[in-house]
Amino acid sequence: MREIVIVGHGAAGLTAALAASEEARATGKALGITVVERAAEGAHGGNTRFTPCYMRLEAPDRLSPGFVDDMIAVSGGLNDRAYFETLAAQAPATMQWMQAHGVEFHNPVYYLSVGPPRIQPIGGGETIVRELTRAAREAGVRFRYGCLAEALERDASGRITGLRIDNAQSHSEIIA
């Protein structure tokens, strides 16, 4: 069985773990997935846990008008247009995927500034962490808390073979 180790239990790590698990199931591949998190269980979630998660969408299936042009303008033209066009094209499918895993959205009162409409997960980023963690556990993803990722381990050819972590139990361990 192949193993994937993901460092970090915020939105990005959870999304990677859950998407990998779903892809493995859909293609019939045997895959073990472990998320390694420095924080203790219950304190996990990274920055996602603390953000209100305002998103520049009118609704989960629609971006706010002018999204790509606004992103290019705010950077003084330095942003990569193709990146933001891809982000815009994939946003509705991403929101649908999150909803399928229990993250519900609403249109909150946006009090910080006048601007385009926004959506937000009901309960903010904490809801994203809670619901994607639940879905990942149900999909068989393993979680290791209180583990500091120290270094990638490589074989003689340079191929990555594992991750060295420091944890309270063994203080140095290699997981693959």
Side-chain angles (χ1 to χ4, degrees), residues 4-27 31 33-146 149:
I4 293 178
V5 178
I6 296 167
V7 178
H9 190 165
L14 286 166
T15 300
L18 187 51
S21 177
E22 291 171 348
E23 178 68 17
R25 186 177 318 122
T27 59
L31 183 64
I33 302 168
T34 302
V35 174
V36 174
E37 171 59 38
R38 183 177 186 171
E41 187 170 8
H44 61 275
N47 289 334
T48 303
R49 183 173 170 209
F50 300 103
T51 180
C53 284
Y54 289 109
M55 300 175 194
R56 286 274 309 270
L57 285 89
E58 286 187 339
D61 63 342
R62 286 185 314 282
L63 263 75
S64 296
F67 172 79
V68 174
D69 291 335
D70 288 351
M71 293 298 105
I72 299 302
V74 80
S75 75
L78 298 175
N79 283 335
D80 179 356
R81 178 172 285 280
Y83 169 82
F84 283 101
E85 288 171 349
T86 300
L87 180 65
Q90 296 300 316
T94 302
M95 298 302 107
Q96 182 180 30
W97 181 83
M98 290 177 70
Q99 286 177 310
H101 293 297
V103 178
E104 292 301 322
F105 295 91
H106 68 131
N107 294 92
V109 174
Y110 189 69
Y111 58 89
L112 297 176
S113 69
V114 175
R118 288 166 170 81
I119 65 169
Q120 174 185 44
I122 298 170
E126 191 171 352
T127 296
I128 291 174
V129 173
R130 182 186 65 248
E131 294 303 322
L132 295 186
T133 298
R134 178 196 49 74
R137 285 187 197 282
E138 289 173 2
V141 174
R142 297 177 302 269
F143 292 88
R144 300 278 307 267
Y145 298 100

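Throughout, numbering of the chain's residues begins at 1 and tracks the sequence.
A distance of 9.0 Å separates CZ in R134 from CG in L18, rounded to the nearest 0.5 Å. Rounding to the nearest 0.5 Å places CD1 of I119 at 12.5 Å from OH of Y54. Here the straight-line distance linking atom CZ of R56 with atom CG of L87 works out to 11.0 Å at 0.5 Å rounding. Atom CE of M95 is separated from atom CG of D61 by 11.5 Å, given to the nearest 0.5 angstrom. Here the CD1 atom belonging to I6 is positioned 12.5 Å from the CD atom belonging to E37, to the nearest 0.5 angstrom. To the nearest 0.5 angstrom, I128 atom CD1 is 3.5 Å from M98 atom CE.
Across every non-hydrogen atom of P117 and S64, the tightest pair is O-OG, 2.8 Å. Contact detail for D80 and I72: the closest heavy-atom pair is C-CD1, 4.3 Å. Scanning all heavy atoms of the two residues, the minimum distance from R118 to P108 falls at O-CD, 3.6 Å. Annotation for E58 and N107: closest pair O-ND2, 2.9 Å, computed over non-hydrogen atoms. Minimum heavy-atom separation, S75 to N79: OG-N, 2.9 Å. Taking each heavy atom of I33 and S21 in turn, the nearest pair found is CD1-N, 3.3 Å.
Residues P92 and L63 form a side-chain contact, since some pair of their non-hydrogen atoms from C-beta on lies under 4.5 Å apart. T15 has its side chain within reach of W97: a pair of non-hydrogen atoms, C-beta onward, lies under 4.5 Å apart. Taking 4.5 Å as the limit, some side-chain heavy atom of L14 sits within range of a side-chain heavy atom of H9. At a threshold of 4.5 Å between non-hydrogen side-chain atoms, the residues T34 and V141 do not count as touching.
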Under the side chain to side chain contact (heavy atoms under 4.5 Å, CB included) rule, what do L31 and I4 come out as? Steps first, then yes or no, please.
CA-CA 7 Å; L31 183 64; I4 293 178; 3.7 Å; yes

Side chain to side chain contact (heavy atoms under 4.5 Å, CB included) between F84 and D69, worked out
CA-CA 9 Å; F84 283 101; D69 291 335; over 6 Å; no

Side chain to side chain contact (heavy atoms under 4.5 Å, CB included) between T127 and R130, worked out:
CA-CA 5 Å; T127 296; R130 182 186 65 248; 3.6 Å; yes

Take V5 and R144 through the test side chain to side chain contact (heavy atoms under 4.5 Å, CB included) and record every step on the way to the result.
CA-CA 10 Å; V5 178; R144 300 278 307 267; over 6 Å; no

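Checked by atom type, the side-chain pair E138/H101 shows no donor-acceptor distance below 3.5 Å.
Legend: residues meeting side chain to side chain contact (heavy atoms under 4.5 Å, CB included) with Q99, ordered by chain and number and at least two apart, are P60, E104, F105.
Ion pairing of E41 with R137 is present here, as a side-chain N (NZ or NE/NH1/NH2) and a carboxylate O approach within less than 4.0 Å. No salt bridge links E22 with R25; every basic N to acidic carboxylate O contact stays at or beyond 4.0 Å.
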Throw together a table of side-chain donor-acceptor distances under 3.5 angstrom for residues 43-52, partners on residues two or more places apart or in other chains.
unit_1, atom_1, unit_2, atom_2, d
H44, ND1, G42, N, 3.0
T48, OG1, A11, N, 3.1
R49, NH1, G42, O, 3.4
R49, NH1, A43, O, 3.1
R49, NH2, G42, O, 3.1
T51, OG1, C53, N, 3.1

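Ring planes of Y145 and F143: parallel class, angle under 30° (limits at 30 and 60°).
Counting heavy atoms of neighbouring residues, nucleotides and ligands inside a 6.0 Å radius, atom CD of Q96 does not exceed 12 of them.
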